[in-house]
Trainee: 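My structure is below; once you've seen it, I'll send some questions.
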Amino acid sequence: MIDVSALWGFAVIVGVLTLTPGLDTVLILRTAALGQRRRAWGVLLGIQTGTLTWGVLSALGVTALLTASHLAYEIVRWAGAAYLVWMAGRMLWSTRRRTAGAGRAEGTEETDRLWAGGLDTLLGGWRQGVVTNLLNPKVGAFYVAVLPHFIPAGTSHLAMGVLLAGVHVALGALWSCVLIGFARTLRDRLQRDAARRLLDRVAGTVIGAFGVRLALGD
């Protein structure tokens with residue numbers, strides 16, 4: 001039997017978490033603002049795929065092993081930190097490869113690859129989103145700490161866990177749609193190379209900071 005009060009309580013917690021600016025927000029805003037529409041939707045889907053995966057694994061008790069095993073947690077943490085620093089490095093390096101006076105070739109795959117960190121494809125965005133999410137052990141730790149409190153006794157842990165994760169996914173997807181819509185309004189202001197370089201420098205610095213914080217265990 002579904003516990004409506006548990007659903008509402010969990011929705012409030014993950015709703016606040018979703019609205020709090022973080023790595024997901026930076027990735028989606030940057031990708032959408034650069035005009036990578038398909039890739040932005042892919043990032044959205046990838047992030048929510050990772051969230052649902054964490055929810056299912058937590059309901060099955062698998063993520064408890066991650067937090068209980070120091071070695072497993074450290075492996076995921078360092079892998080996630082390395083991935084974020086690598087991604088940030090690509091963004092920052094791409095800004096150095098373009099001179100301030102160089103014209104931007106419109107409509108070429110190489111240009112898209114340079115400025116957006118990949119082609120404008122749904123699969124490419126999904127891969128980036130899901131890897132970023134699954135290599136963040138703090139998401140798993142959150143589910144281990146919070147999810148059991150919202151699963152009533154006598155109910156199926158898997159079914160209720162999937163339902164609660166589904167609430168998180170729905171709220172995250174809704175907010176991501178708002179972010180994509182907002183970012184698309186910035187596209188006209190980002191036609192100049194200088195503006196695009198500034199966006200990548202800001203996004204790269206922020207993502208790199210997330211990677212360093214993850215490596216330091218903050």
Trainee: Hydrophobic clustering (ILVMFWY, side-chain heavy atoms < 4.5 Å, transitive) - are Val85 and Val76 grouped together?
Mentor: no
Trainee: Following the transitive rule for hydrophobic clusters with a side-chain heavy-atom cut-off under 4.5 Å over Ile, Leu, Val, Met, Phe, Trp and Tyr, establish whether Ile47 and Leu19 coincide in one cluster.
Mentor: yes
Trainee: If you compare all heavy atoms of Leu214 against all heavy atoms of Leu135, which two are closest, and at what distance to 0.1 Å?
Mentor: CD2-O, 4.1 Å
Trainee: Under the 3.5 angstrom rule, does the side chain of Arg37 hit a backbone N or O of Ala32 as a donor-acceptor pair?
Mentor: no
Trainee: Assign the ring pair Phe150 / Phe10 to parallel, tilted or perpendicular, where the plane angle (0 to 90°) is split at 30° and 60°.
Mentor: perpendicular
Trainee: Treating Thr155 as the side-chain partner and Ile151 as the backbone partner, does any N or O pair qualify as donor plus acceptor under 3.5 Å?
Mentor: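 Not confirmed, Thr155 side chain does not pair with Ile151 backbone.
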Trainee: Can you see which heavy atom on Ile207 is nearest to which on Leu84, and at what distance?
Mentor: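 Answer, listing the atom of Ile207 first, then Leu84: CG2-O, 3.5 Å.
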Trainee: How long is the span from the CG atom in Leu147 to the NE2 atom in His168, to the nearest 0.5 Å?
Mentor: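 One finds 11.0 Å between CG of Leu147 and NE2 of His168.
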Trainee: If I compare all heavy atoms of Leu45 with all of Trp126, which pair ends up nearest, and what's the gap?
Mentor: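 Distance-wise, the nearest heavy atoms are C-CD1, 3.7 Å.
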Trainee: Compare every heavy atom of Gly204 with every heavy atom of Ala88, then report the nearest pair and how far apart it is.
Mentor: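 Scanning both residues completely, I find the closest heavy atoms to be CB-O, 3.1 Å.
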Trainee: Is there a path from Val43 to Val178 through hydrophobic residues (I, L, V, M, F, W, Y) whose side chains come within less than 4.5 Å of each other?
Mentor: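 In one cluster: yes.
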Trainee: Do Val139 and Trp78 land in one hydrophobic cluster if side-chain heavy atoms of ILVMFWY residues count as linked below 4.5 Å?
Mentor: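 No, it is not one cluster - the side chains of Val139 and Trp78 are not joined through contacts under 4.5 Å.
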Trainee: Do Leu174 and Val167 land in one hydrophobic cluster if side-chain heavy atoms of ILVMFWY residues count as linked below 4.5 Å?
Mentor: no
Trainee: For the residue pair Ser176 and Leu44, what are the closest heavy atoms and their distance?
Mentor: CB-CD1, 3.3 Å
Trainee: Ignoring hydrogens and geometry beyond distance, is a side-chain donor-acceptor pair present between Trp54 and Asn133 at under 3.5 Å?
Mentor: yes
Trainee: Could you tell me the separation between the OG1 atom of Thr132 and the CZ atom of Phe210, rounded to the nearest 0.5 Å?
Mentor: 11.5 Å
Trainee: How far apart are the closest heavy atoms of Ala6 and Leu164, and which atoms are they?
Mentor: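 Closest approach of Ala6 to Leu164, heavy atoms only: O-CD2, 4.2 Å.
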Trainee: I'd like to know if the side chain of Arg39 and the backbone of Thr31 have a donor-acceptor N/O pair within less than 3.5 Å.
Mentor: no
